[in-house]
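No hydrogens, no waters, no symmetry mates; every other heavy atom, side chains included, goes into these values.
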Amino acid sequence: MRLRLTSLTFSVLASFASAPLLAQDPLDEVYGHAVHSYFRGDVPQAQTLLDQVIEAGSVDPRVHYFRGLCLSVQSGGTDAGKADFQRGAELEIEGKKVVNVGKALERIQGAARCEIEEIRRKYRLDARDKYMQMQRLRYEEAQRTAPALPARDADAPPSLVPTPKDPFAPGLDLNKGTPVPMPDSKPTTPPADNNPFGDAPSDPGTTTPPPATDDPFGGPPPASDDDPFGN
């Protein structure tokens, strides 16, 4: 078994010279054999293949996750594989080799999977905090090195403009001008020539009655020689 394993690994790693001609990375092929061995129950063989892939310089985070699983299974606890779990999370954040980690680990359940997901979540949050801090430092540096712009009139604060309707406006002169008396509104008597009847205006208190001769009912007419009845 050891001879067969060594021959397989040697034949795969020896194909590095012709790697540009291949559609698949040879390390991916060895990783695939290691995963099959792990799920088949041959954990020592899977760990041996994963050790060889890591020594060859693989930056695939899945390789470290599965080697951590192999160490956890053989030791009986997740602490043995924690270092590999953390290294896998680092490689996943760096993104030198983009792979579907969730798809690769979908068959992994239990305490080991919970440990992996907790570490992945922590590293993602730490990476976000570092990114935000870097952006803040860049912004502060840009503010320090930016040339000062001349002040514009539009940048000055607006000044209060008093209005005549505001009796409490600052600077408003309420004593401006001289008061003008109102004109006398008493009606005047129109001139006599404007009277259409030609009569002079009369005072209601001194009105005199018309002559008695003008009164048709003022009494009998005076005696006259011209009375045809001889009275």
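Put simply, CG on Leu71 and CG on Asp79 are 12.0 Å apart, with the number rounded to the nearest 0.5 Å. Atoms CD and CZ, on Glu115 and Phe85 in that order, are 7.0 Å from each other to the nearest 0.5 Å. To the nearest 0.5 Å, atoms CD (Gln47) and CZ (Arg67) are separated by 7.0 Å. To the nearest 0.5 angstrom, Asp84 atom CG is 10.5 Å from Tyr65 atom OH. Residue Thr78 holds its OG1 atom at 8.0 Å from NZ of Lys82, rounded to the nearest 0.5 Å. For the atom pair CD (Glu90) and NE2 (His64), the distance works out to 9.0 Å, reported to the nearest 0.5 Å.
Each of Val59 and Ile116 belongs to its own hydrophobic cluster when Ile, Leu, Val, Met, Phe, Trp and Tyr are linked at side-chain heavy-atom distances under 4.5 angstrom. A continuous path of ILVMFWY side-chain contacts below 4.5 Å connects Leu27 to Ile54, so both sit in one hydrophobic cluster. Under the 4.5 Å side-chain heavy-atom criterion for ILVMFWY residues, no single connected hydrophobic cluster contains both Leu137 and Tyr139. Linking Ile, Leu, Val, Met, Phe, Trp and Tyr residues whenever their side-chain heavy atoms come within less than 4.5 Å leaves Val53 and Leu91 in two separate clusters.
Salt bridge Glu141/Arg138: absent, no basic N to carboxylate O contact under 4.0 Å. Between Arg124 and Asp129 there is no salt bridge, since none of the side-chain N atoms of the basic residue sits less than 4.0 Å from a carboxylate O of the acidic one. Arg113 has a carboxylate O that lies under 4.0 Å from a charged side-chain N of Glu117, or vice versa, which qualifies the two as a salt bridge. A salt bridge between Asp126 and Lys122 is present, with a side-chain N of the basic residue lying under 4.0 Å from a carboxylate O of the acidic one.
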Would Asp28 and Arg62 count as a side-chain contact (heavy atoms from CB on, under 4.5 Å) if you check the C-alpha gap in whole Å, the side-chain angles of each, and the deciding distance to 0.1 Å? CA-CA 10 Å; Asp28 290 341; Arg62 301 172 300 178; 4.2 Å; yes
Worked check of side-chain contact (heavy atoms from CB on, under 4.5 Å) between Gln45 and His33: CA-CA 9 Å; Gln45 179 183 357; His33 285 291; over 6 Å; no
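Side-chain contact between Phe66 and Leu105 is present, with at least one heavy-atom pair separated by less than 4.5 Å. The closest side-chain heavy-atom distance from Ser58 to Tyr31 is not below 4.5 Å. You'll find the side chain of Val101 reaches within 4.5 Å of the side chain of Arg120, heavy atoms only.
The two residues Ala34 and Ala46 come nearest to each other via the heavy atoms O-CB, 3.2 Å.
Residues passing the ring-ring contact (aromatic ring centres under 6.0 Å, His included) test with Tyr123: none are found, sequence neighbours excluded. Listed by chain and number, the residues in a side-chain hydrogen bond (donor to acceptor under 3.5 Å, both in side chains) with Arg128 amount to none (sequence neighbours excluded). Qualifying side-chain hydrogen bond (donor to acceptor under 3.5 Å, both in side chains) partners for Glu106, counting only residues two or more places apart in sequence or in other chains: Lys103.
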